[in-house]
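In what follows, a single structure is set out as structure tokens and then discussed.
Positions are given from 1, in the same order as the sequence printed here.
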Amino acid sequence: MRAIAGPLAASMAAFTLIALMVAHPAAADPRHGMALYGEPKYGADFKNFDYVNPGAPKGGKVTLQAIGSFDTLNPFTLKGVPAAGATMIYDTLMANSADEPFTEYGQLAESIEVPEDRSWVAFTLRPQARWHDGKPVTAEDVVFTFHTLTESHPFYRSYYAAVDKVEADGDRRVRFTFKPGDNRELPLIVGQLPVLPKHYWQGKDFQATTLEPPLGSGPYRIAAFDPGRSISYERVADYWGKDLAVNVGRNNFDTMAYEYFRDASVALQAFRGGLYDFRQENVAKTWATGYDFDAAQAGKVVREEIPNQVPAGMQGFVFNTRRPMFADRRVRWAIAQAFDFEWTNQTLFYGAYKRTESYFENSPLQSQGVPQGRELALLEPWRGKIPDEVFQKPYKAPSTDGQNGLRRNLLEAKRLLDEAGTDVRNGRRVVVATGQPLSFEILLDSPTFERVTLPFVENLKRLGIQANVRTVDTTQYENRIRDFDFDMTVHVWGQSLSPGNEQAGFWGSSAAERPGSQNVAGIRDPAVDALIGKVVSAGSEEDLKAAVSALDRVLLWGHYVVPQWYSGVYRVAYWNRLKRPATLPPYSLAFDAWWLGDAKSVAEQPPR
């Protein structure tokens, strides 16, 4: 549909938004928010999200932890390692709610317009929106931001690739026109855009690292920092958006600080000593054994396991398939047989985890059973071009349950390796055609993961495969991953309940050789590309489920990773001066809705 100008366009936009966006047809303003499918939960006159405490006291200082170091305050470029929390100083066009799968409400934008075919989206900015220097946020700032981010970083270039053009229509209205296609997500994707001040960045090298605090418009500004050691943000007292419904009950700390530590073990000791307030624990052994200290026993530290409905995505040992040694799917599947999850879980993790067997784990989108109906129809054109197992059986990660489990797996691995043209000579497995040894390096960025990886390496030795573990600092690790300079690493792909454009950056052929992309495995598969297209163009929840499940199967049977584990709960520990809402949303910890005690305890909080 072509865009229609004038009053008719306005009436059509209003009609469309009444149908698509407003939770209650009688709401005063039908253009306050938008859901991917169906209608938003909150009406145009909502006062605050249900999961916040609108009466939470403001004040005090909260200190969090970060690992490694930082050398730039600009989080939007490839160069350098950005400071923790560096995006807090910016507002986005729209704000996500954490108790809906994918719904956004106006933040910088007071209203949005979307035609029925979603071929474009227009945002009208709030007249009160201001940068921290008092200047208004304008449509030209939005245009500048879009071009700057897409020119400076491959993630944004890929994420916003479907945007054909962006135009300012006066000081407060900006319109994004999309390329031909069918992608319901695009208006919401554009709504996530963090907006940068054009007047501040003009004349500066945006892509260079910088330790000059940038200008923002958000609830916090940078207050002080010690490069590589610490950074603190102060709440902006006259923040223009503090009374917006999307912000009520949030941004409650006067100061948010991050202290940097060399590694996770040092950070844990610092927490035990009260040097920071909140810790989300990702190491099961530490959760089981590392919190038996005096303050915890005295009740000064709260430990909680909070169930969530957050898609776990995929965490695993990732093969860099750009390497010739990993080009054969059979070799990758053979190597996967050597990872003993059951032993790892019981011995190292105290039985805390479940095995990951989907790229969309812990969500209703993951593949189950064998493909049928809509899903099978999507896969049929690729029969003979994708693994036969996709059609025959559900994916199951190698298991060592039962008698002689590991030995059974290693025998299967040997059969696959022999079939793939390798042999053991003088105790080492080599590729028969070239005589080259089958050996590789596993690149890590934390010593904590060595205890998981070294037993895997020992099992590989029994197959004649030499694998070496190399742990490097954060900066070197990020540089090597960005340049795909590794054989195998550990990587996590997070997922949402509304997969879309980002899947092309994760698995698409166009991202395989683009430095800095999330296609860490180097996947180049026309079937994967086509199924990503089906995910993006899904017109209903049923279509989305079918497309995501089909994509999941093809990725799983491609054996691009050795799947690891997930928990399905948040494990958090925090000093009891920190308080949280009684009910947390299903898709987030919503830490920006936490606070420090009551007004009296905040006032009495000792300086830190």
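Considering CZ of F146 and CG of L196, their distance stands at 13.0 Å, rounded to 0.5 Å. The CD atom of E357 lies 10.5 Å from the CG atom of D552; values are rounded to the nearest 0.5 Å. Annotation: the span from F339 atom CZ to N459 atom CG amounts to 9.5 Å, rounded to 0.5 Å. Rounded to the nearest 0.5 Å, atoms CG (L93) and CG (L188) are 12.0 Å apart. Interatomic distance, OH of Y560 versus CH2 of W333, reported as 14.0 Å (0.5 Å rounding). Taking CG of L544 as the start and CD of E541 as the end, the distance is 8.0 Å to the nearest 0.5 Å.
Side-chain contact annotation: T209 with D71, donor-acceptor N/O pair under 3.5 Å absent. Residues R279 and Y276 bring a donor and an acceptor atom of their side chains to less than 3.5 Å of each other. In the model, Q65 has no side-chain atom that pairs as donor or acceptor with a side-chain atom of Y260 under 3.5 Å. If you check the side chains of T92 and Q107, you find a donor sitting under 3.5 Å from an acceptor. Neither side chain, Y587 nor S97, offers a donor N or O lying under 3.5 Å from an acceptor on the other. Between the side chains of S265 and D263, at least one donor N or O lies within less than 3.5 Å of an accepting N or O. Side-chain polar atoms of D91 and S217 form a donor-acceptor pair below 3.5 angstrom. At a cut-off of 3.5 Å, with distance as the only test, a side-chain donor of D117 or S119 sits close to an acceptor on the other residue. There is a side-chain donor-acceptor pair under 3.5 Å between T471 and E450. At a cut-off of 3.5 Å, with distance as the only test, no side-chain donor of H153 or Q207 sits close to an acceptor on the other residue. Side-chain contact check for Y105 and E100: at least one donor-acceptor pair (N or O, by modelled atom type) lies under 3.5 Å. For the residue pair T177 and D164, no side-chain donor N or O sits within less than 3.5 Å of a side-chain acceptor on the partner.
Between W120 and F178, the distance from one ring center to the other does not fall under 6.0 angstrom. Checked against a 6.0 Å centroid threshold, the rings of Y353 and Y566 do not count as neighbours. Between W201 and F144, the ring centre distance reaches or exceeds 6.0 Å.
When side chains are defined from C-beta on, M34 does not count as touching E104, because their heavy atoms never get closer than 4.5 Å. Counting only heavy atoms from C-beta outward, the side chains of V548 and R553 never approach each other to under 4.5 Å. Using a 4.5 Å heavy-atom cutoff, the side chains of Q366 and S549 are not in contact. Considering only heavy atoms from C-beta on, T72 stays 4.5 Å or farther from K79 through its side chain. Residues W565 and N345 have side chains not in contact (no heavy-atom distance under 4.5 Å, counting atoms from C-beta outward). In this structure, F456 and I442 have side chains that are in contact, with non-hydrogen atoms separated by less than 4.5 Å. Within the 4.5 Å cutoff, no side-chain heavy atoms of T489 are placed close to those of F317. With a 4.5 Å cut-off on side-chain heavy atoms, F440 and F319 do not count as touching.
Contact record, F360 with P499: CE2-CG, 3.9 Å, taken as the closest heavy-atom pair. Taking both residues in full, the closest heavy atoms of S517 and F484 are given as OG-CZ, 3.7 Å, listed atom of the first, atom of the second, then distance. Minimum heavy-atom separation, S588 to A98: CB-CB, 3.7 Å. Closest non-hydrogen pair, T474 versus G68, comes out as OG1-CA, 4.0 Å. Nearest heavy-atom pair, Y570 versus V310, reported as atom, atom and distance to 0.1 Å: OH-CG2, 3.1 Å.
Contacts of E513 classified as side chain to side chain donor-acceptor pair (under 3.5 Å), with partners at least two apart in sequence or in another chain: none. Listed by chain and number, the residues in a side chain to side chain contact (heavy atoms under 4.5 Å, CB included) with P381 amount to none (sequence neighbours excluded).
Within a 6.0 Å sphere centred on NZ of K393, other residues, nucleotides and ligands contribute 12 heavy atoms or fewer. Residue R482 places its CZ atom among more than 12 non-hydrogen atoms of other residues, nucleotides or ligands, all under 6.0 Å distant. Enclosure of atom CZ in R229 is not indicated, since only 12 or fewer non-hydrogen atoms of other residues, nucleotides or ligands lie within 6.0 angstrom.
Relative orientation of the F123 and F176 rings is perpendicular, given thresholds of 30° and 60° on the angle between their planes.
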Apply the test side chain to side chain contact (heavy atoms under 4.5 Å, CB included) to residues F225 and L73: give CA-CA distance (whole Å), side-chain angles for both, the deciding distance (0.1 Å), then the verdict. CA-CA 10 Å; F225 62 94; L73 301 179; 3.8 Å; yes
Would E151 and Y156 count as a side chain to side chain donor-acceptor pair (under 3.5 Å) if you check the C-alpha gap in whole Å, the side-chain angles of each, and the deciding distance to 0.1 Å? CA-CA 8 Å; E151 291 167 4; Y156 296 105; over 6 Å; no
Dump the intermediate steps for salt bridge (Lys or Arg N to Asp or Glu O under 4.0 Å) on R250 and D592, then the final yes or no. CA-CA 5 Å; R250 300 170 60 204; D592 59 3; 2.6 Å; yes
Give the intermediate values and the outcome of salt bridge (Lys or Arg N to Asp or Glu O under 4.0 Å) for residues R480 and E441. CA-CA 13 Å; R480 289 188 59 179; E441 179 184 87; 3.0 Å; yes
What do the steps show when you test Q564 against Q315 for side chain to side chain donor-acceptor pair (under 3.5 Å), and what is the final call? CA-CA 6 Å; Q564 292 177 348; Q315 174 179 307; 2.7 Å; yes
Please determine whether side chain to side chain contact (heavy atoms under 4.5 Å, CB included) holds for the pair V166 and H147, giving the CA-CA distance in whole Å, both sets of side-chain angles, and the decisive distance to 0.1 Å. CA-CA 9 Å; V166 53; H147 290 304; 3.7 Å; yes
Using the rule given for side chain to side chain donor-acceptor pair (under 3.5 Å), can you reason through Q503 versus N501, listing the C-alpha separation, both sets of side-chain angles and the distance that settles it, and then say yes or no? CA-CA 5 Å; Q503 303 303 309; N501 275 15; over 6 Å; no
Please assess Y159 against T150 for the test side chain to side chain contact (heavy atoms under 4.5 Å, CB included), listing each intermediate value before the final yes or no. CA-CA 9 Å; Y159 200 51; T150 54; over 6 Å; no
Please test Y200 against E212 for side chain to side chain donor-acceptor pair (under 3.5 Å), starting from the C-alpha separation and ending with a verdict. CA-CA 11 Å; Y200 171 83; E212 176 186 324; 2.8 Å; yes
Hey, mind stepping through K545 and E542 against side chain to side chain contact (heavy atoms under 4.5 Å, CB included) and telling me if it holds? CA-CA 5 Å; K545 163 63 176 169; E542 293 76 13; 5.8 Å; no
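Using a cut-off of 4.0 Å between Lys/Arg side-chain N and Asp/Glu carboxylate O, K534 and E375 are scored as not salt-bridged. Using a cut-off of 4.0 Å between Lys/Arg side-chain N and Asp/Glu carboxylate O, R355 and E361 are scored as not salt-bridged. Between E380 and R383 there is a salt bridge, since at least one side-chain N of the basic residue sits less than 4.0 Å from a carboxylate O of the acidic one.
Side chain of N74 to backbone of F206: a donor-acceptor contact under 3.5 angstrom is found. Within the 3.5 Å criterion, the main-chain N or O of N362 finds no donor-acceptor partner in the side chain of K354.
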